[in-house]
S.K.: 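Encoded as structure tokens, here's the structure I'll be asking about.
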Amino acid sequence: MTTLVPEELLGLTGLAVHFTGRRNWRGNRPPPVRAVDGVTFSVGKQETLGLVGESGCGKSTLGNAVLRLVHPTAGQIRFDGRDVTRLDGEELRDLRRDVQMIFQDPYSALNPKIRVGESIGEPLLAHGIAQGKALDDQVSELLGLVGLPPERASRYPHEFSGGQRQRLVIARALALKPRLIVCDEPVSALDVSIRSQILNLLMEFQQKLGLSYLFISHDLSVVRHISHRVAVMYLGRVVELAPRDNLFQEPLHPYTEALISAIPLPDPVAQRQRKRIILKGELPKPTAPPPGCPFHTRCPIAQPMCREKVPPLEEKRPGHWAACHLRS
Ligand code: SF4
């Protein structure tokens, strides 16, 4: 990226994750699922990059690849200037101190049979950072940091509300003092009333602790609230990437326009007058992506050339990238 991007912490170049199915009884393999198909972007130091798209577009697989929970098929992952694509053993363990994850469902992220203090302290124990009284002190500090009374360390997850459980998950993610957190739909399972509390908490920690976030969500309003830049994914590829305000005020890609037109407006009059772009058809299968532009089967302005030629992701305006033949 050439402009408007802070110094890179995480960098992806041509990242692909394809899943190959088992052979059938005839010995034939089904076509691979191209979950992530050549993604290039970076997340800067102390930056939040929002990653949006419909369910099944590959955004969670991309997050898992960054954490090396799935193996990349091709491409490169860099962390703080170092190629970490194929790390294993001790080096991968070290990377996982620096890169943590927060998942959608805080309840399943916490072992229901273990006291929350033990869950939060588990990474510190596993990495040999603290034990005994020092471990208890650090757990108390982490609970205080996320706004929960330290004496509740001896309680079990079911004794907390959904929002409090997500605070516990954040406390555990912060235990190893990571530099990047991959947040995968971290507020989708929460009541609307507590979503902004959790988002504000994440933003506060970014300021206090100098964190970077790769923030994955299907919800554009949430992404708008927290992100500095936003990448839009469709069928395993990034189709638009821009600073937040540029993306929401002047989207270039027809898919982004359709997503933005579906965000409800607070003003009922403006909502009634606004023209919503309804996409026809379903998201194509990632086993059989359409030729040419992957969006051409649903694009309201597609031209014959769109069926033949893949549009590259190009910097159309400073810092504003889009993959569309017709937009400049
Ligand atoms: Fe639509 Fe063609 Fe642009 Fe693809 S390249 S988004 S099909 S106009």
Side-chain angles (χ1 to χ4, degrees), residues 1-5 12-18 31-42 49-62 73-75 216-221 223-224 227 229-263 274-328:
M1 303 300 160
T2 53
T3 46
L4 306 175
V5 183
L12 310 179
T13 304
L15 187 74
V17 182
H18 298 171
V33 176
R34 304 163 84 92
V36 178
D37 209 12
V39 167
T40 298
F41 65 63
S42 63
L49 182 82
L51 186 62
V52 289
E54 287 163 284
S55 169
C57 72
K59 53 193 191 305
S60 291
T61 305
L62 190 147
T73 312
I216 298 168
S217 179
H218 69 282
D219 185 335
L220 264 82
S221 327
V223 163
R224 186 178 203 165
S227 307
R229 289 184 304 139
V230 179
V232 180
M233 250 182 118
Y234 186 81
L235 266 191
R237 298 176 190 198
V238 170
V239 295
E240 185 156 9
L241 171 62
R244 175 191 56 192
D245 292 343
N246 298 22
L247 187 114
F248 282 94
Q249 284 159 20
E250 296 177 79
L252 290 175
H253 198 281
Y255 179 57
T256 315
E257 287 175 344
L259 293 180
I260 292 174
S261 81
I263 303 174
R274 200 247 307 261
K275 194 169 164 239
R276 182 159 176 207
I277 303 167
I278 310 277
L279 292 178
K280 48 186 182 175
E282 299 287 316
L283 189 69
K285 287 199 169 59
T287 45
C293 173
F295 187 55
H296 85 254
T297 53
R298 301 169 81 194
C299 180
I301 59 165
Q303 299 295 310
M305 71 176 298
C306 303
R307 288 196 282 273
E308 284 151 27
K309 215 170 143 213
V310 180
L313 185 66
E314 291 173 328
E315 193 170 21
K316 309 274 187 185
R317 297 173 192 169
H320 194 148
W321 298 66
C324 177
H325 294 308
L326 305 189
R327 294 288 168 82
S328 55

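All heavy atoms count here, side chains included; hydrogens, waters and symmetry mates do not. In listed order, ligands and their atoms are each counted from 1.
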S.K.: So, do T40 and L12 sit near enough that their side-chain heavy atoms are less than 4.5 Å apart?
M.R.: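 Not touching, per the 4.5 Å side-chain cut-off.
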S.K.: Taking H253 for its side chain and C324 for its backbone only, find out whether a donor-acceptor pair lies under 3.5 Å.
M.R.: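 It does not hold such a pair.
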S.K.: Mind checking how many protein N/O/S atoms fall short of 2.8 Å from atom 3 (Fe) of ligand 1?
M.R.: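 Near atom 3 (Fe) of ligand 1, the number of protein N, O or S atoms below 2.8 Å is 1.
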S.K.: Can you tell if the side chain of R317 reaches within under 4.5 Å of the side chain of N246, non-hydrogen atoms only?
M.R.: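 They are not in contact (no side-chain heavy atoms under 4.5 Å apart), so the answer is no.
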S.K.: Hey, are the side chains of S55 and H218 touching, using non-hydrogen atoms and a 4.5 Å cut-off?
M.R.: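 No, every pair of side-chain atoms sits at 4.5 Å or beyond.
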S.K.: The criterion is side-chain hydrogen bond (donor to acceptor under 3.5 Å, both in side chains); which residues satisfy it with T256, sequence neighbours excluded?
M.R.: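 Listed in chain order: E240.
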S.K.: For a 4.5 angstrom cut-off between non-hydrogen side-chain atoms, does H296 reach P291?
M.R.: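 A side-chain contact exists here, since the closest heavy-atom pair is under 4.5 Å.
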